[in-house]
**Student:** 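Here it is, the structure, as structure tokens.
The model shown is predicted, which means the values in this text are computed figures rather than measured ones.
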Amino acid sequence: MRFTKWDYVAFPLLAALAIGIFYGALRLVGFFGLGILGLVIGFIAVRMDLERDAASSDPRVLEEQFKARDRMSRAERAEFRAAQQARLKPLFVAQVLAAGFVILGFGFHFLL
């Protein structure tokens, strides 16, 4: 994965935001609450990742979407994949953040 100019600007801001959220959540709910917060964020992120193709569980809607993707040209399919990867990049950040919250929260809760 190659970084763009936006990534170099956004990373320090997101890191500072994550540290601020971590500190605020730690002061508000403690280590156990931080682990629970990580679990909630993780469940939401995983659910969104599982539903990246379609938010509907209706098999007919899914079938129509897959048929429409089969009719796409190579350029349209590449554009769709690029747009989907761009949408999933923040989701990956949320999953990493959730994993960190769970590990730090429950780890320090049971350690201390």
**Student:** Taking the six-membered ring of F66 (Phe, Tyr or Trp), confirm whether the NZ or CZ of R69 is under 6.0 Å from its centre and within 45° of its axis.
**Tutor:** yes
**Student:** Above 12 or not: heavy atoms from other molecules or residues under 6.0 Å from CZ of F43?
**Tutor:** no
**Student:** Indicate if F32 and F108 have the same hydrophobic cluster label, given that clusters are the connected sets of ILVMFWY residues with side-chain heavy-atom separations under 4.5 angstrom.
**Tutor:**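 Shared cluster, no.
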**Student:** Linking I/L/V/M/F/W/Y whenever any side-chain heavy atoms sit under 4.5 Å apart, do V96 and I19 land together?
**Tutor:**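 No, no single cluster joins them.
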**Student:** Answer whether the closest heavy-atom distance between the side chains of D49 and F92 falls below 4.5 Å.
**Tutor:** no
**Student:** Compute the ring centroids of F106 and F31, then answer whether they are less than 6.0 Å apart.
**Tutor:**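 For F106 and F31, the ring centres are not under 6.0 Å apart.
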**Student:** Taking salt bridge (charged side-chain N to carboxylate O under 4.0 Å, His left out) as the test, write out the residues that go with R74, two or more places apart.
**Tutor:**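 Partners of R74 under the salt bridge (charged side-chain N to carboxylate O under 4.0 Å, His left out) test: none.
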**Student:** List the residues meeting side-chain contact (heavy atoms from CB on, under 4.5 Å) with F11, not counting sequence neighbours, and say none if there are none.
**Tutor:**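 Once residues adjacent in sequence are excluded, F11 has no partner under the side-chain contact (heavy atoms from CB on, under 4.5 Å) criterion.
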**Student:** Using side-chain contact (heavy atoms from CB on, under 4.5 Å) as the criterion, list what pairs up with I44, not counting sequence neighbours.
**Tutor:** V40, M48
**Student:** Between A18 and L97, which heavy-atom pair has the shortest distance, and what is it?
**Tutor:** CB-CD1, 3.8 Å
**Student:** For Y8, what residues pass the ring pair (Phe, Tyr, Trp, His ring centres under 6.0 Å) criterion, not counting sequence neighbours?
**Tutor:** F3
**Student:** Just checking E79: does its CD atom have more than 12 heavy atoms from other residues, nucleotides or ligands closer to it than 6.0 angstrom?
**Tutor:** no
**Student:** In chain order, what residues pass the side-chain contact (heavy atoms from CB on, under 4.5 Å) check against A98, with sequence neighbours excluded?
**Tutor:** I41
**Student:** What is the distance from atom CG of L104 to atom NE2 of H109, rounded to the nearest 0.5 Å?
**Tutor:**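 L104 CG to H109 NE2: 14.0 Å, rounded to 0.5 Å.
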**Student:** Using atom types as modelled and distance alone, determine if a side-chain donor or acceptor of E76 lies under 3.5 Å from a backbone N or O of S73.
**Tutor:**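 Flag set: sc E76 to bb S73 pair under 3.5 Å.
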**Student:** List, by chain and then residue number, the residues other than L28 in its hydrophobic cluster (Ile/Leu/Val/Met/Phe/Trp/Tyr, side-chain heavy atoms under 4.5 Å); write none if there are no others.
**Tutor:** V29
**Student:** Could you tell me the separation between the CG atom of L34 and the CG atom of L39, rounded to the nearest 0.5 Å?
**Tutor:** 10.0 Å
**Student:** For the atom pair CZ (F101) and CG (L26), what is the distance rounded to the nearest 0.5 Å?
**Tutor:**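 Reported value, rounded in 0.5 Å steps: 9.5 Å.
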**Student:** Test of understanding: with side-chain contact (heavy atoms from CB on, under 4.5 Å), list the residues that count as partners of E64, not counting sequence neighbours.
**Tutor:** K67
**Student:** Any chance you could measure Q84, atom CD, to L91, atom CG, to the nearest 0.5 Å?
**Tutor:**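 Reported to 0.5 Å precision, the distance equals 10.5 Å.
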